[in-house]
Amino acid sequence: MSVELIKLHKGAVTKKIIKPGKGESPKKLSKCTVSYVGTDEKGNVFDSSQSRNSDFTFELGSHRIIKGWEIALQSMKQGEVSIFTIQPELAYQNNVISDILKPNSTVIYEIELKSVDNTRCFENRIKELNKTKEQGNNNFRGSKYNEAIGKYEECLRLVKLFPISGLNEEEEKQLFQLSQTYILNIAMTFIKIEKYAQAIRYCDLALKKDPKNEKALYRKGLSLGEMGNFENAIEIFTFGLECYKNNKSMKTKLNFYKKKMNKTKNTNKK
């Protein structure tokens, strides 16, 4: 009985299933444990977990494995044994990793996926972030502002635990946007409890990454104005309106703090 040859990644990785598996396939950032043997096209072994009598455990997407493995493992199920042929561009390219394996070699791996833990995969980590953020939002709505700040700060800590080097452009963008949301939520919460200096600090964090962030500009301008720093508040709102001409809130606050500054100047002249 012939074994079906499965083409992955436009044929740059091919797969033969020796023993089917069951259950879930690994996802981005899943924890995987495998046993494997790597050979060149002539069958010469250049790497083997079996010869070391030690399984290999790693996080999928953490850049501890070659790109061809990333593609291969996401096609497997727990308990599966498959043979993968991986072209040089998805293997080691012209790098020398062994006396046996020549640069720009096609490699062949027999891999047994012994266990998969998707608990901390990318998808589930995002769900955890959303849950924690919603807890913060509920605290904010209930006027429990210090508790809300704690939850938003927890979200920021969780974002930092993502192995950024293993993410694609879209995933990195998603994490960036989430991080900006948490930072700006903290700024807004500090404004609610009239801790304007702390609010400005978080607005500046957001503006460092995105100098034209609309919410960060508004909240920084508002905080400066409420601290009595009318001149800098006016400068922020003026710049903000250059970027967002139809922002009515910025227009209202700009006019408000201009009047406050003029009133202060007139009072000081008397």
Side-chain angles (χ1 to χ4, degrees), residues 126 128-162 164 167 169-270:
I126 293 296
E128 183 181 1
L129 282 172
N130 291 336
K131 181 180 177 181
T132 305
K133 178 195 169 189
E134 188 55 33
Q135 290 170 346
N137 290 347
N138 288 335
N139 286 329
F140 184 91
R141 287 189 286 264
S143 300
K144 298 178 181 178
Y145 298 121
N146 288 325
E147 290 89 341
I149 289 169
K151 287 298 178 181
Y152 297 141
E153 287 179 338
E154 183 181 343
C155 288
L156 286 175
R157 287 193 294 272
L158 290 171
V159 167
K160 290 178 181 178
L161 294 176
F162 280 76
I164 300 300
L167 304 181
E169 186 177 345
E170 183 179 340
E171 290 162 344
E172 286 183 14
K173 184 178 179 181
Q174 184 178 2
L175 281 184
F176 170 75
Q177 291 172 339
L178 287 172
S179 180
Q180 289 288 80
T181 297
Y182 308 142
I183 288 169
L184 290 168
N185 283 0
I186 292 171
M188 186 67 248
T189 310
F190 274 127
I191 289 171
K192 277 287 186 181
I193 56 178
E194 300 181 357
K195 292 187 176 181
Y196 301 114
Q198 290 94 323
I200 290 170
R201 182 162 65 90
Y202 278 91
C203 289
D204 284 340
L205 282 176
L207 291 168
K208 185 177 181 180
K209 298 175 182 178
D210 178 11
K212 293 183 179 181
N213 187 287
E214 190 171 6
K215 288 182 178 179
L217 289 170
Y218 177 79
R219 291 171 190 178
K220 181 175 182 178
L222 177 63
S223 298
L224 287 166
E226 293 305 301
M227 291 175 70
N229 191 341
F230 303 131
E231 187 173 343
N232 284 338
I234 290 166
E235 183 180 341
I236 290 291
F237 284 128
T238 300
F239 174 71
L241 285 167
E242 288 175 1
C243 302
Y244 307 100
K245 296 179 181 180
N246 297 322
N247 190 308
K248 294 180 181 179
S249 297
M250 283 191 187
K251 288 179 182 178
T252 299
K253 288 298 180 183
L254 176 62
N255 292 330
F256 176 75
Y257 289 126
K258 279 182 176 180
K259 289 177 182 178
K260 293 274 282 187
M261 185 172 70
N262 291 333
K263 186 178 179 180
T264 301
K265 286 180 178 179
N266 292 333
T267 301
N268 291 337
K269 286 180 182 178
K270 293 180 181 179

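What's counted below: heavy atoms across the whole structure, side chains too, no hydrogens, waters or symmetry copies. Residue indices begin at 1 and follow the sequence shown.
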Participant: Quick one: closest heavy-atom pair of Ala148 and Gly136, and the distance?
Facilitator: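 So the two residues come closest at CB-O, 3.4 Å.
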Participant: Going by heavy atoms in the side chains, are Glu235 and Glu231 under 4.5 Å from each other?
Facilitator: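 They are not in contact (no side-chain heavy atoms under 4.5 Å apart), so the answer is no.
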Participant: In Å, rounded to the nearest 0.5 Å, how long is the span from CD of Gln135 to SG of Cys155?
Facilitator: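 Interatomic distance, Gln135 CD to Cys155 SG, rounded to 0.5 Å: 8.5 Å.
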Participant: If you define the side chain from C-beta out and look only at heavy atoms, does anything of Phe162 sit under 4.5 Å from Leu129?
Facilitator: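 Side-chain contact under 4.5 Å: yes.
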Participant: So, do Glu226 and Leu222 sit near enough that their side-chain heavy atoms are less than 4.5 Å apart?
Facilitator: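 Yes - at least one pair of side-chain heavy atoms lies under 4.5 Å apart.
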Participant: How about Glu154 and Tyr182: do any of their side-chain heavy atoms sit closer than 4.5 Å?
Facilitator: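 Sidechains of Tyr182 and Glu154: no contact.
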Participant: What distance separates Ile191 CD1 from Cys203 SG, expressed to the nearest 0.5 Å?
Facilitator: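 Interatomic distance, Ile191 CD1 to Cys203 SG, rounded to 0.5 Å: 5.5 Å.
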Participant: Given Phe237, which partner from the list Met250, Lys258, Lys220, Glu242 fulfils the side-chain contact (heavy atoms from CB on, under 4.5 Å) test?
Facilitator: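 Only match with Phe237 under side-chain contact (heavy atoms from CB on, under 4.5 Å): Met250.
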Participant: I'd like to know whether CD of Glu172 has more than 12 heavy-atom contacts from other residues, nucleotides or ligands below 6.0 angstrom.
Facilitator: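 Counting other residues, nucleotides and ligands, CD of Glu172 exceeds 12 neighbours.
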Participant: Would you say the side-chain atoms of Glu214 and Asn247 include a donor-acceptor pair closer than 3.5 Å?
Facilitator: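 Asn247 and Glu214 do have a side-chain donor-acceptor pair below 3.5 Å.
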Participant: Could you measure the distance from the NZ atom of Lys195 to the CD1 atom of Ile149? Nearest 0.5 Å is fine.
Facilitator: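 Answer for the NZ-CD1 pair, Lys195 versus Ile149, is 7.0 Å.
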Participant: Whether Arg141 and Glu134 form a salt bridge (side-chain N of Lys/Arg under 4.0 Å from carboxylate O of Asp/Glu) is what I want to check.
Facilitator: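 Counted as a salt bridge, because a side-chain N and a carboxylate O are separated by less than 4.0 Å.
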Participant: Side chains of Lys151 and Glu147: does their closest heavy-atom pair fall under 4.5 Å?
Facilitator: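 No, every pair of side-chain atoms sits at 4.5 Å or beyond.
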Participant: Does Arg219 use its side chain to pair, donor to acceptor, with the backbone of Leu184 at less than 3.5 Å?
Facilitator: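 Checking the backbone N and O of Leu184 against the side chain of Arg219, a donor-acceptor pair under 3.5 Å is found.
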Participant: Do you know which two heavy atoms are closest between Tyr257 and Ala233, and how far apart they sit?
Facilitator: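 The pair with the smallest heavy-atom distance is CD1-CB, 4.3 Å.
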Participant: Which heavy-atom pair separates Asn229 from Asn232 by the least distance, and what is that distance?
Facilitator: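 Distance-wise, the nearest heavy atoms are ND2-ND2, 3.0 Å.
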Participant: Walk me through it: do Tyr244 and Lys212 pass the test side-chain contact (heavy atoms from CB on, under 4.5 Å)?
Facilitator: CA-CA 9 Å; Tyr244 307 100; Lys212 293 183 179 181; 4.0 Å; yes
Participant: Can you check whether Lys245's main-chain N or O pairs, donor with acceptor, with Lys251's side chain at less than 3.5 Å?
Facilitator: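 Pair found, side chain donor or acceptor close to backbone of Lys245.
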Participant: Apply side-chain contact (heavy atoms from CB on, under 4.5 Å) to Glu153 and Tyr202, showing your working.
Facilitator: CA-CA 11 Å; Glu153 287 179 338; Tyr202 278 91; 3.2 Å; yes
Participant: Between Ser179 and Leu175 (side chain of the first, backbone of the second, donor and acceptor by atom type, cut-off under 3.5 Å), is there such a pair?
Facilitator: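 Looks like no, no N/O pair under 3.5 Å.
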Participant: For Tyr152, check ring pair (Phe, Tyr, Trp, His ring centres under 6.0 Å) against everything at least two apart and list the hits.
Facilitator: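 Once residues adjacent in sequence are excluded, Tyr152 has no partner under the ring pair (Phe, Tyr, Trp, His ring centres under 6.0 Å) criterion.
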Participant: State, to 0.1 Å, how close Pro211 and Leu217 come at their nearest heavy-atom pair, and which atoms those are.
Facilitator: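 Answer, listing the atom of Pro211 first, then Leu217: O-CD2, 4.1 Å.
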Participant: The criterion is ring pair (Phe, Tyr, Trp, His ring centres under 6.0 Å); which residues satisfy it with Phe140, sequence neighbours excluded?
Facilitator: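 With sequence neighbours excluded, Phe140 shows a ring pair (Phe, Tyr, Trp, His ring centres under 6.0 Å) to Tyr145, given in chain and number order.
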Participant: Just by distance, do the side chain of Asp210 and the backbone of Ala206 share a donor-acceptor pair under 3.5 Å?
Facilitator: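 No, Asp210 side chain to Ala206 backbone: no donor-acceptor pair under 3.5 Å.
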Participant: So Gln198 and Ile193, do their side chains get closer than 4.5 Å, heavy atoms only?
Facilitator: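 A side-chain contact under 4.5 Å is absent here.
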Participant: Here's one to test your reading of the geometry: is the NZ or CZ of Lys253 within 45 degrees of the ring axis of Phe256 and under 6.0 Å from its centre?
Facilitator: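 Pair Lys253/Phe256 counts as cation-pi.
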Participant: Indicate yes or no: at least one non-hydrogen side-chain atom of Lys209 is less than 4.5 angstrom from one of Ile183.
Facilitator: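 In contact.
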Participant: Does Leu205 reach the side chain of Lys208, with side-chain heavy atoms less than 4.5 Å apart?
Facilitator: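 Heavy-atom side-chain distance check fails, nothing below 4.5 Å.
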